[in-house]
Amino acid sequence: MAIVGIPEAIHDFNMYLTGNKLGGITGEVEMPPFESMTSTVSGAGILGEYEAPTPGHFGSMEQEIPFRCINRDYFNMVDPTQPLELTLRGAIQYAEASTQATTYMGMRVVFRGKPKNVNIGTVRQRGSMDSTITLELTYVLVEMDGKSMIEIDKINPTYKVNGVDVLSKVKQLT
């Protein structure tokens with residue numbers, strides 16, 4: 001279902017570790033940027049140079065998971081030899097254009113990776129610890145209303161946008 005209206009906000013979200021709801025996540029999780037690797041192109045017939053993105057090749061992708069305070073869920077995520085699968089589920093609130101009614105659309109983001117930075121945080125009276133775990137991501141899937149919007153799998157070379165395999169031609173040729 002396409003949103004026919006005005007996206008307003010993320011109404012609410014939860015994060016899950018291998019299907020189990022995590023406790024202690026803060027109210028904000030910043031999504032990772034997808035920075036394409038590039039090749040510099042220059043030469044005869046080109047005025048100067050430009051950076052040509054190589055589809056499907058991305059630089060290091062990190063996902064920081066912020067916790068208010070350390071807890072058992074936190075320590076279930078810190079073993080660097082064990083890959084993690086985290087799922088963020090959210091409800092996107094929007095106003096329908098025709099009726100102006102408030103309605104919701106599901107959003108799901110799946111991350112896979114290994115912890116590369118563990119920051120237990122700061123201990124202070126009456127305050128949160130602001131603990132974090134940073135994952136080095138090898139897989140990201142973003143879905144809206146059950147439809148795949150983008151999928152990147154660095155280990156099993158996959159790059160799909162709007163459900164379309166961007167690398168299908170490359171796979172045919174190699």
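All values below come from the heavy atoms of this structure, side chains included, with hydrogens, waters and symmetry mates left out.
Residues Ile65 and Tyr74 fail the side-chain proximity criterion, which asks for heavy atoms closer than 4.5 Å. Side-chain contact between Ile133 and Val78 is present, with at least one heavy-atom pair separated by less than 4.5 Å. By the 4.5 Å heavy-atom criterion applied to side chains, Leu141 and Arg108 are counted as neighbours. Arg89 has its side chain out of reach of Asn14: every pair of non-hydrogen atoms, C-beta onward, lies at least 4.5 Å apart. Side-chain contact between Leu86 and Gln63 is absent, with no heavy atoms from C-beta onward closer than 4.5 Å. Within the 4.5 Å cutoff, side-chain heavy atoms of Met15 are placed close to those of Phe111.
Contact between Pro55 and Val166 at its shortest, heavy atoms only, is CB-CG1, 4.2 Å. Taking both residues in full, the closest heavy atoms of Pro53 and Ser36 are given as CB-CB, 4.0 Å, listed atom of the first, atom of the second, then distance. Between Pro80 and Lys114 the shortest heavy-atom distance is O-CD, 3.5 Å. Nearest heavy atoms, Val41 versus Ala52: CG2-CB, 3.8 Å.
Here Met129 contributes atom CE and Asn119 contributes atom CG; the two are 9.0 Å apart, rounded to the nearest 0.5 Å. Rounded to the nearest 0.5 Å, atoms CD (Gln93) and CD1 (Ile6) are 12.5 Å apart. Here the CE atom belonging to Met107 is positioned 12.5 Å from the CE atom belonging to Met149, to the nearest 0.5 angstrom. Rounding to the nearest 0.5 Å gives a distance of 9.0 Å between NE2 of His11 and OG1 of Thr102. The line from OH of Tyr159 to CD1 of Ile150 is 4.5 Å long, rounded to the nearest 0.5 Å. Going from atom CD of Glu8 over to atom OG1 of Thr103 covers 10.5 Å, rounded to the nearest 0.5 Å.
More than 12 heavy atoms of other residues, nucleotides or ligands lie within 6.0 Å of CD in Glu85, so this atom counts as buried by the packing criterion. Shown here is Lys169, whose NZ atom has no more than 12 heavy atoms of other residues, nucleotides or ligands within 6.0 Å. Around atom CG of Leu47, no more than 12 heavy atoms belonging to other residues, nucleotides or ligands sit under 6.0 Å away. For CD of Gln172, the number of neighbouring non-hydrogen atoms (other residues, nucleotides, ligands) closer than 6.0 Å is greater than 12. Counting non-hydrogen atoms of other residues, nucleotides and ligands closer than 6.0 Å to CZ of Arg124 gives a total above 12. Summarising the local packing, CZ of Phe75 is surrounded by more than 12 heavy atoms from other residues, nucleotides or ligands at distances under 6.0 Å.
Alongside Ile155, the hydrophobic cluster contains no other residue (criterion: ILVMFWY side chains under 4.5 Å).
Ser60 is linked by a side-chain contact (heavy atoms from CB on, under 4.5 Å) to Glu62, Lys116, Glu136, counting only residues two or more places apart in sequence or in another chain.
Using modelled atom types, one finds a donor on one side chain and an acceptor on the other under 3.5 Å when comparing Tyr139 with Glu151. Judged by distance alone, the side chains of Ser39 and Glu51 never bring a donor and an acceptor atom under 3.5 Å apart.
Linking Ile, Leu, Val, Met, Phe, Trp and Tyr residues whenever their side-chain heavy atoms come within less than 4.5 Å leaves Val110 and Ile10 in two separate clusters. The hydrophobic clustering, which links ILVMFWY residues whose side-chain heavy atoms are closer than 4.5 Å, places Tyr16 and Leu84 apart.
Formation of a donor-acceptor pair under 3.5 Å by the Asn71 side chain with backbone atoms of Asp73 is found in this model.
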Let me have the donor-acceptor pairs involving side chains of residues 18-34, under 3.5 Å, with sequence neighbours excluded, atom names and distances please.
residue : atom : partner : partner atom : Å
Thr26   : OG1  : Glu28   : O            : 3.1

